[in-house]
Structures are given as C-alpha cells and as structure tokens.
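Worksheet for the structure shown next.
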Amino acid sequence: MKKITDNTPDKPRGGGKGSESAFKVGFLIIFLAYIAGLVILFLATILFIDFATFKTCVMDPEIQFSVKLSFITATITTIIVIIIGVPSAYALSRYKIPAGTFVDTILDLPIVLPPPVVGICLLILFRHPIVKQMVATTGVEFVYTQRGIILAQFAIASAFGIRAMKAAFDSINPRLEQVARTLGCNSFQTFLHVTLPLAKNGLIAGIVMTWARSIAEFGPILFFCGATRMKTEVMPVALFLNLSIGNIEMTVAICIVMMMVSTITLIIFKKLGGKGYLW
Amino acid sequence: MIRIENLYAEAGEFKLININLTIKKGEYFVLLGPTGAGKTVLIECIAGLQESKKGRVILEGTDVTDFLPEKRRVGFLPQDYSLFPHMNVRQNIEFALKISRIPAEEIKRRVDSLIELLQIVPLMDRDIFTLSGGEKQRIALARALVMRPQVVLLDEPLSALDEGLRSFLCKELKRIQKETGSTFIHISHNFEEAIDVADDIGIIHEGKIMQVGKMFDIMQNPANLFVAKFLMMENIFEGKAFNKNGLARVQVGNLNLYSASKKEGEVSAVIRPDNIIISGNGKGHFPENTLTGKVTNISERIGFIKINVDAGIPFVIYSNKRELQEKEIKEGREIRFSFDPSNIHILKD
C-alpha cells in the first residue's frame, strides 16, 4: 500500500476505449428507438387515409370553417398576447417583483393546470353577479361565443408566450441598456433602440409559440365556449365532434392538418432560437 | 472637476462607506483596489446607474446626484465594452449623436476627427463580432467620447487583454486622454497599469478610500498597512514602538529598528527594499540601523536583483549585478546592511 507521503504519481491505466463506445452506442440505441416510436406513431395516422380522401376532407365546408376560425382566433389572441406580454415579460426579466415566487407560480399555473380547469374557472367567473352585470351593461357576451374562444386561448397561451419572451429579454446583457442610458437614451428609447432589436428573434419565437398554443387549445374552449358545429368549431373541437359521430376520415384529415401546422411553427420557433417552456 | 461628498451606497454585497474624492478636470485618475473593493459601484454611482443612499456627486459644479444617467453626460466603458451587437462600428459610434438629433454634417465632423485621433478609420464599416479586444476598446472609447462627456469612466478596460497589448493600450489611453483633454476615471486592480497611466491614484478597500495621491508619494509613504500590502511592498514587520530621544525604537522579534516616526504601541514598520544600503564589511551608513544577515536567496528580476536576507527577521534588498560582484554577495554569505531612520515608515491601523 502507498504511503500518504509517497508523492509518486499514479501510472495511466490503459484501455477502456471498448467500454466507452459500448456506453455511447447503448444510450444512442435507446434514444433512436424512442424517436422511431414517435415517427411510427405519426406515420400511422398520416398513412391512414390516402391523398384523395385527405383532399376531399380538407375541401369540406366544415373543415374549412374550423381552419379559418382557428387561424383568425389564434391570430387575434397572439396580437393581444404581444400587447400585454412584451411589457410583462420585460418587467419580469428586469425588475425586482414583490413576492416574486408567488407571482412566478401564478404565471406558470396556466401551463401546468389541466386545460379544462382553466375553462371551468372562466365559466365560473362569468357566472359571478358583478361580471354578469358588466356583460349585461356592455352587451359583450363571452360564454359560448367565438369571442370566448379568444379569451380561452389567451388564458393559456399568454403564459407560454410571456415565458418565451422573458427568456428573450433575459438573454440580453443589461449592461448594453446601461451604456445606452449613459449615451443619452431615456428608458423608452433604450427599449426601442437596444432591447427590442436585440430581443427580436426571441420575441418572434415567443409569438410563434403563442400562436401554436392558441391553435392547439381545446380543453378551456370545450368548457367555456361549448362544441357547437359551425359556430365555436375550431380545429380541435372539429376533431372531437367528428370523432364522436364516428367520422374517422374527417378526424384523421384534421389531425394531419394540425400536425403540419405544429411542425411548421416548431421549426420556425427553433430556427429563431426560441427558449422557454415548450410544453 | 468631479467632487464626491460623503457618498454611501450598497449593491448586493458591495458597499461604499463615506467616500470623499476630488478629481481635477483633465486628470487621468486611477481608482485602484482589489476585487470586491467597491470600485465598480463607485463609478456606477458617478454614472447614475446605481443609486446612492447618502451623499452627493458634483460634476463641474452641478449637483447631479438626482439626475438620470442620460442627463449626466458621463461616458461609460464597461469591462466587456458592451458594444451594440446589432450595429456596425459606425452605427455604434454615431449612436449617441443620432439619439440627441445632432445634424448629419455635425455628426460627420465630430466622428471624422475622433476616428482619426483613435486611429480606427479602417474599422468603420466592420461588424462588431469581427473586432479584436483592442479594437473593441477603441470603438467603445470613441462611442463614449463622441458625445463630449464631462468624464469618461473606464471599468477595468485592460483586464481582458493580454500583457503585451496591455502596456501598448495604456500608452494609447493616456495619449487619447491628453489629446482630448477629457477627465478619465479608470478602475483597476493592477498597480503597474496605474503607474503607466495615472496622474493621481485613489486606493479603495472594503468600500472606503484608503489613500489618494501620486503613485510615487503613496509608495514612499503608504497611509496604512493595507495600502503597503496591496502595493506589494516588501519588508513589512509587525512590532512594538517606544519613543526614545525623538526616535521610535521598534522592537521586532529580537531586533530593534529605529524610525524617525513618533508613533508608539503596536505598529507595522515598512522599509522599501531600494532604501536599504549594503555596506560590505565597513560600518553601516546609519549606525543605529545596521544589521547583519545571511543571504538566503538571490533572484534576477527585470532591471534589478532581489536579495533575501535572514537577519533574525527576513529582509528583502534590491541590488544590481555590479554591486553583487564588487561586494562578493553570494547565497550563504553574511552581509551587513543599513537604512536611514527616516526611511522606516511606521503604520498604525
């Protein structure tokens, strides 16, 4: 046995390359098998109907309506998220917020809550006498309306959008903003000329993310707006309605359209270097 | 002139305690201190990027303590230069002038004369990420100088650069400061850098200003033990001082050293190695402070030779090759050396 006082360095213990590559190959096989499983899962759906059937289904007025309604509501929701989300994300990124952990938890709640819960919360809120009174006075109805779809999408997608936008602001060194201040910019000019251009890609990624989440929303819409054919029938609702009456081909066609939309938005999100929550 | 009066500030674990400092117009001032001393907090207070708890910052007679950063006209060069990555070199330099809506001809006139002075004309259309560290520094300096600031604050501007470039850029910084007549406050932890550029130096430690003055004067007469240690002074001995016939007898171990100081009690005695005279075999130049010791090590440095001597306490003496040969100084031999009582500085903390 070596004494502690013996300072002779240990000799390199040769070999080990074999076990190193076995480790690497083993882990890679597990990962590739998982990816293959996912590809099979999606391919099974895509190959379930032929192209002619897919084309006929897509041309159906009901699908056309649902695609159009989904795109319009998701776009309006995204615009509202930009207006509210950009200042919120910046505040969250730069300023010390009182009761920070609590605020952070509230912000993440729509992300982790089962979506129907958010729908039920909205429904209950709009049953409250004060809110009911406000709706009666203004005549602006949300429950079981297309307007309600936007509110339901906003309730969930805004949290995803703000998270991604915050990540964009977090990635900018505040020193750059401080230097801009010493060069004569007030806080708004600094935001306009330094922060926004630098956060541009991350913000666009956040906007794409918000849009994708809005398109995919189902739970809160079902509870808050109902599933009425050709009225509140966004794509996920169309899926539900068609499946419930056994119209499998139509259901699969909508699935394929939604897979295409999701894939494209994800590619854009990743290309722009988007960060933040993706689930 | 920049005046800082009774300034208190706190930023995380860093704080400033009762800072009083006056920096003359057109001066190159170096704020020197170890990491965590509060140097950056102090220049952030001057720039308005950090709020002070108490005290005032006065720039050219105007109390700017409550001014926003954009109203102070203070140039700021962060450690990483923080050039705007979404703009090219020209856009970075012109940024402040465009924000202030200066007319295009005036922007061109100001930028052209400045880029010539800083020798960056060929870099003007380059992207920021293609620049070297030294080039980035010049662009950041140009960006700050173009708005003709009252003062330019440089936060460790040379720390990210390699040694060769560092001494070259020191000369350049000094030249630019002289030619523009600007007031520069440069913070650093490297005292050789300070010697190269500074007119005056302030030493800061644990949020307090320890000493302000010319480097030569500080080296000759450090205000306290921290300053002496920070400037890597050799021959710092702790002992007890007793006043005797107008001289202080400082007892260090078994030795008695005599100083012209009148301080008494627990003290530290500092003797600069270049103030020690090797006497050969004869009587020392200063009989009261003549000691004998054994040479334990001789090492060659750039421009001098460092001799370690054990005289009961370890002394360091600076010498040269000629003296070494003439006095036959070798490792293991005994030498006699002495020093003037007025060259022993007594520090009390």
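In this text, all values refer to a predicted model and were calculated from it rather than measured experimentally. In the text below, chain A, chain B and the rest are named by the order of the sequence lines, each starting its count at 1.
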- Message: Please report the interatomic distance CG(B/L49) to CZ(A/R175), rounded to the nearest 0.5 Å.
- Response: 7.0 Å
- Item | Residue A/M259 excluded, over 12 heavy atoms near CE under 6.0 Å | yes
- If every non-hydrogen atom of A/R181 is compared with every non-hydrogen atom of B/L68, which pair is closest and at what distance? NH2-CD2, 3.9 Å
- Can you name the nearest heavy-atom pair linking B/I99 to A/Q189, along with the distance? CG2-OE1, 4.0 Å
- Message: For chain A, which candidate among B/K71, B/R143, B/R72, B/R73 shows the most heavy-atom pairs at distances under 4.5 Å?
- Response: B/R143
- For B/L83, is it the side chain, the backbone, both or neither that has a heavy atom under 4.5 Å from a heavy atom of chain A? backbone
- Note on the structure: Heavy-atom nearest pair, B/F84 first then A/V194, reads CE2-CG2, 3.9 Å
- For atom CD of B/E116, decide whether the heavy atoms of other residues, nucleotides or ligands shown that lie under 6.0 angstrom number more than 12. no
- Heavy-atom distance under 4.5 Å to chain B: side chain of A/N173, backbone, both or neither? side chain
- Which of the residues A/S187, A/C185, A/P197 is involved in the greatest number of heavy-atom pairs with chain B at under 4.5 angstrom? A/C185
- Task: Of all the heavy-atom pairs spanning A/L183 and B/M147, show the shortest one and how long it is.
- Result: CA-SD, 4.0 Å
- Neighbour count >12 (heavy atoms, 6.0 Å) for atom NZ, B/K15: no
- Heavy-atom proximity to chain A below 4.5 Å, by part of B/E44: side chain
- Message: Within the supplied structure, the quantity of interest is the number of heavy atoms (other residues, nucleotides, ligands) at a distance under 6.0 Å from B/E106 CD; does it exceed 12?
- Response: yes
- Task: Taking atom CD of B/Q119 as the centre, report whether more than 12 heavy atoms of other residues, nucleotides or ligands fall under 6.0 Å from it.
- Result: yes
- Relative to chain B, which segment of A/Q178 carries a heavy atom at a distance below 4.5 Å: side chain, backbone, both, or neither? both
- Message: Quick check on B/N92 against chain A: is it the side chain, the backbone, both or neither that has a heavy atom closer than 4.5 Å?
- Response: neither
- Of the backbone (N, CA, C, O) and the side chain (C-beta and beyond), which part of B/F95 lies under 4.5 Å from a heavy atom of chain A, both, or neither? side chain
- Candidate pair B/H86 and A/L176, rule side chain to side chain contact (heavy atoms under 4.5 Å, CB included), full reasoning: CA-CA 11 Å; B/H86 59 301; A/L176 291 165; over 6 Å; no
- Message: If you count heavy-atom pairs within less than 4.5 Å of chain A, which of B/A140, B/A47, B/P85 leads?
- Response: B/P85
